[in-house]
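Heavy atoms only: backbone and side chains are in, while hydrogens, waters and symmetry mates are out. All of these numbers come straight from a predicted model, not from anything done at the bench.
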Amino acid sequence: SDCKPYSVQAWELAPEALLSVDFAPDGSMIAGGSHAGFVGMWLRSTGECKSVFDAHPYGVSQVLFSPSGGILASCSPRDAGGVVKLWSVAEGCFQRSLRVVSLHKMSFMSEHALL
């Protein structure tokens, strides 16, 4: 067989369903956004919770680490038409909020770290 064995780790990261997950660029952290509006960050190696934010009142549709891994973006298209929130990964705190007219999916431009 051509199948190679892989190690699989499983954790119960959040009490409610996660709608979006992303891995930090260096692979050290996992972020998730929930239907209940929470955003969390966990250590990939242990599953330990590092930060939890009450981010969006109408659920989180996407979470995304910046290319450097220093910023976590979360979004909810149902918050007043669309809101993106930026969180400091190192400090575990809110940085700023961006209101958008229409939001379907976020991405960072890696060469400029622009959202």
Give the minimum heavy-atom separation between Ser51 and Gly92, together with the two atoms involved.
-> OG-CA, 3.6 Å
Any side-chain heavy-atom pair of Ser34 and Leu18 under 4.5 Å = yes
Stepwise side-chain contact (heavy atoms from CB on, under 4.5 Å) test for Met41 and Ile30 = CA-CA 6 Å; Met41 291 187 291; Ile30 301 170; over 6 Å; no
Which atom names give the shortest non-hydrogen contact between His35 and Leu19, and what distance separates them?
-> CA-CD1, 3.6 Å
Indicate yes or no for a side-chain donor-acceptor contact from Ser97 to the backbone of Lys85 under 3.5 Å, with no hydrogens or angles considered.
-> no
Roughly how far, to the nearest 0.5 Å, is the CG atom of Leu64 from the CG atom of Leu86?
-> 10.0 Å
Looking at Ala73 and Val84, what are the two nearest heavy atoms and their distance?
-> CB-CG1, 4.4 Å
Shared hydrophobic cluster, Val60 / Val52 (ILVMFWY, side-chain heavy atoms < 4.5 Å) = no
In terms of heavy-atom contacts, Val39 and Ser74 come closest through CG2-CB, 3.7 Å
Minimal non-hydrogen separation, Pro25 against Ser68, with atom names = CG-C, 4.4 Å
Got a second to check how far Leu72's CG is from Gln95's CD, nearest 0.5 Å?
-> 11.0 Å
Trp87, Phe38, Phe94 screened by ring pair (Phe, Tyr, Trp, His ring centres under 6.0 Å) with Phe53, the one that passes | Trp87
Residue pair Ser61 / Ser20: nearest heavy atoms and the distance that separates them | O-CB, 3.6 Å
